[in-house]
Amino acid sequence: MSAHPMLTPLTTAAETQRFSTSTVPVDRRLASWEEYNEQVLFGLRASTLSDDGLLATQSNLDLHRLRFTEIIGNNHVIERTPRNIAAKPVDAVMLCLLLKGNAFLYHADGCDPVRAGDAVLYDADRPFMYGFSSNMHQLILELPRNVFHGSIGEEGVVRPRVLHLADSQVAQGWVRAAAKSMHDAIRQPSLASPDLEDSLIDLHALMLGHGASATGSGYVLAAREFVRAHLNETDLSTARIARAVGVSERHLARVFADEGLTVATYVMDQRMSRARDILGDQSRQTLAISEVAAAVGFVSAAHFARVFKARFDCTPREARDAFLR
């Protein structure tokens with residue numbers, strides 16, 4: 001852990017660090033990227049054939065056990081060489097979620113293609129080359145090795161590999177949930193918490209096929225994201241949500257109960273919260289109440305109004321009027 005002092009328990013509020021090569025002269029962009037990564041992540045060698053040099057932006061958020069990193073850039077290649085490793089060993093296992101672009105991972109066992117929606121797993125102290133043939137966007141979940149081995153259940157040396165998740169709708173739900181959670185925390189660090197770290201470690205285990213070692217919090221996080229994305233749809237039953245996140249209806253109900261919730265109550269809470277946000281949105285004041293109802297998954301405006309009044313002790317129209325004052 002000595003190579004990663006920022007992965008020790010925080011004594012102050014976490015803050016996001018950001019760096020971009022866009023303000024650096026073209027002929028210095030590669031070197032500045034290498035220097036920044038040497039300081040914040042690990043030593044690497046970078047290259048690109050772009051006339052613009054390496055145009056990339058990186059955001060990093062260090063938490064108690066994990067680090068979140070977001071990288072947006074043009075086509076380029078990074079390489080973790082034996083020389084880099086010898087100069088600065090790093091106690092870290094990386095799970096990279098490729099959200100945009102096409103890439104490849106070259107390692108001791110071969111060369112694997114990577115598509116948007118896939119994930120790349122590697123130990124930072126094993127040589128690899130990771131290249132992007134187009135504009136790219138990825139989020140990286142970094143775990144110390146002891147956290148990886150203790151939580152994921154894999155033993156021995158971590159083998160670099162591509163997790164081909166793009167063809168699985170269930171796995172894509174896990175990727176979206178993990179990516180949105182990390183993205184939101186990077187932009188608003190106060191959203192990060194030990195519970196979020198637990199859930200992301202759990203999703204990590206699911207992506208790696210170690211569902212038996214998962215605690216269930218990853219399923220809850222994925223279910224919450226599915227609900228958020230489909231809140232305008234009327235059929236958000238426990239059975240449908242469970243199928244979407246790859247677990248039985250009974251198991252999903254159990255892991256929600258572990259957090260003091262039922263799936264149905266959570267869905268309704270989210271519908272009501274979204275409705276209140278819409279009613280308070282100045283740019284959407286012309287929406288009819290029936291349109292607000294439809295936007296949060298109600299077929300009947302009358303039913304929506306009854307549920308809203310029971311929840312907030314006022315009608316949707318009264319709530320809107322109060323927001324306008």
Side-chain angles (χ1 to χ4, degrees), residues 1-10 14-21 23-50 53-98 103-112 114 119-132 136 138-150 152 154 156-162:
M1 293 295 291
S2 60
H4 278 286
M6 288 185 288
L7 290 178
T8 56
L10 301 176
E15 294 184 0
T16 299
Q17 301 178 57
R18 292 186 174 86
F19 173 73
S20 176
T21 63
T23 59
V24 178
V26 173
D27 61 354
R28 279 282 305 154
R29 286 175 177 169
L30 283 171
S32 66
W33 190 253
E34 291 177 349
E35 290 162 7
Y36 182 77
N37 278 275
E38 172 79 23
Q39 175 188 350
V40 176
L41 291 178
F42 50 71
L44 55 80
R45 187 166 64 192
S47 60
T48 182
L49 298 178
S50 171
L54 177 55
L55 272 174
T57 300
Q58 183 174 150
S59 302
N60 299 283
L61 178 64
D62 292 286
L63 303 175
H64 290 80
R65 290 164 291 167
L66 310 180
R67 175 189 281 132
F68 303 161
T69 297
E70 182 173 28
I71 300 175
I72 300 171
N74 61 356
N75 56 300
H76 68 281
V77 176
I78 64 166
E79 183 179 2
R80 178 79 166 152
T81 68
R83 184 174 181 177
N84 295 138
I85 294 167
K88 186 178 180 180
V90 175
D91 175 21
V93 176
M94 311 288 201
L95 181 72
C96 306
L97 306 177
L98 185 63
F104 68 87
L105 178 70
Y106 177 54
H107 51 92
D109 297 326
C111 185
D112 300 313
V114 190
V120 170
L121 180 79
Y122 60 82
D123 186 308
D125 278 359
R126 288 174 65 85
F128 68 89
M129 183 182 291
Y130 189 14
F132 307 92
M136 54 77 70
Q138 72 172 352
L139 281 152
I140 304 171
L141 179 67
E142 178 181 340
L143 304 86
R145 285 191 198 90
N146 67 324
V147 174
F148 176 84
H149 289 298
I152 305 303
E154 281 198 12
V157 176
V158 178
R159 178 177 58 85
R161 57 194 184 270
V162 176

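Along the sequence shown, the residues carry numbers beginning at 1.
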Tell me every residue that passes ring-ring contact (aromatic ring centres under 6.0 Å, His included) with Phe132, counting only those two or more places apart in sequence or in another chain.
His76, Tyr130
Here the gap from Asn74 atom CG to Leu54 atom CG, rounded to the nearest 0.5 Å, amounts to 5.5 Å
Could you give me the CA-CA distance, side-chain angles and deciding distance for His107 and Asp112, then say whether side-chain contact (heavy atoms from CB on, under 4.5 Å) is met?
CA-CA 9 Å; His107 51 92; Asp112 300 313; 2.9 Å; yes
Can you give me the closest heavy-atom contact between Leu95 and Ala119, atom names plus distance?
CD1-CB, 3.9 Å
Would you please name every residue forming a side chain to side chain donor-acceptor pair (under 3.5 Å) with Ser47, sequence neighbours left out?
none
Tightest non-hydrogen contact, residues Gln138 and Cys96, listed as OE1-CB, 3.4 Å
Between the main-chain N or O of Thr69 and the side-chain N or O of Asn60, is there a donor-acceptor pair closer than 3.5 Å?
no
Taking atom CD1 of Ile78 and atom CZ of Phe42, what is their separation to the nearest 0.5 Å?
5.5 Å
How far apart are the C-alpha atoms of Phe19 and Thr57, what are their side-chain angles, what is the distance that settles it, and do they pass the side-chain contact (heavy atoms from CB on, under 4.5 Å) test?
CA-CA 6 Å; Phe19 173 73; Thr57 300; over 6 Å; no
Has Arg161 got more than 12 heavy atoms of other residues, nucleotides or ligands less than 6.0 Å from its CZ?
yes
Check Ile85 against Pro127 and note the closest heavy-atom contact, atom names and distance.
CD1-N, 3.6 Å
Using modelled atom types only, decide if a donor and an acceptor are shared between the side chain of Asp125 and the backbone of Pro89 within a distance under 3.5 Å.
no
Could you tell me which residues satisfy side chain to side chain donor-acceptor pair (under 3.5 Å) with Thr16, sequence neighbours excluded, listed by chain and number?
none
Do the side chain of Arg67 and the main chain of Leu141 share a donor and acceptor less than 3.5 angstrom apart?
no
Taking it one step at a time, do Asp62 and Glu142 satisfy side-chain contact (heavy atoms from CB on, under 4.5 Å)?
CA-CA 9 Å; Asp62 292 286; Glu142 178 181 340; over 6 Å; no
If we only count heavy atoms from C-beta on, is the Val77 to Met129 side-chain gap below 4.5 Å?
yes
Enclosure of Tyr36 OH (heavy-atom neighbours >12, cutoff 6.0 Å)
yes
Does Phe148 reach the side chain of Leu121, with side-chain heavy atoms less than 4.5 Å apart?
yes
Output all residues satisfying side chain to side chain donor-acceptor pair (under 3.5 Å) with Asn37, sequence neighbours left out; order by chain, then residue number.
Gln58
Measuring from Thr48:OG1 to Leu55:CG, what's the distance to the nearest 0.5 Å?
8.5 Å
Residue pairs involving residues 31-42 (criterion salt bridge (charged side-chain N to carboxylate O under 4.0 Å, His left out); sequence neighbours excluded):
Arg28-Glu35
Work out which heavy atom in Val26 is nearest to a heavy atom in Gly53; give both atom names and the distance.
CG1-N, 4.0 Å
Taking all non-hydrogen atoms of both residues into account, name the closest pair between Lys88 and Gln39 and its distance.
NZ-O, 4.2 Å
Do you know the tightest heavy-atom contact between Leu98 and Val114?
CD2-CG1, 3.8 Å
Show, in sequence, the C-alpha distance, side-chain angles and deciding distance for Phe128 and Leu105, and conclude whether the side-chain contact (heavy atoms from CB on, under 4.5 Å) test is met.
CA-CA 7 Å; Phe128 68 89; Leu105 178 70; 4.2 Å; yes
Are the side chain of Arg29 and the backbone N or O of Thr21 linked by a donor-acceptor pair below 3.5 Å?
yes
Contacts of Asp123 meeting salt bridge (charged side-chain N to carboxylate O under 4.0 Å, His left out) (sequence neighbours excluded), chain-then-number -> Arg145
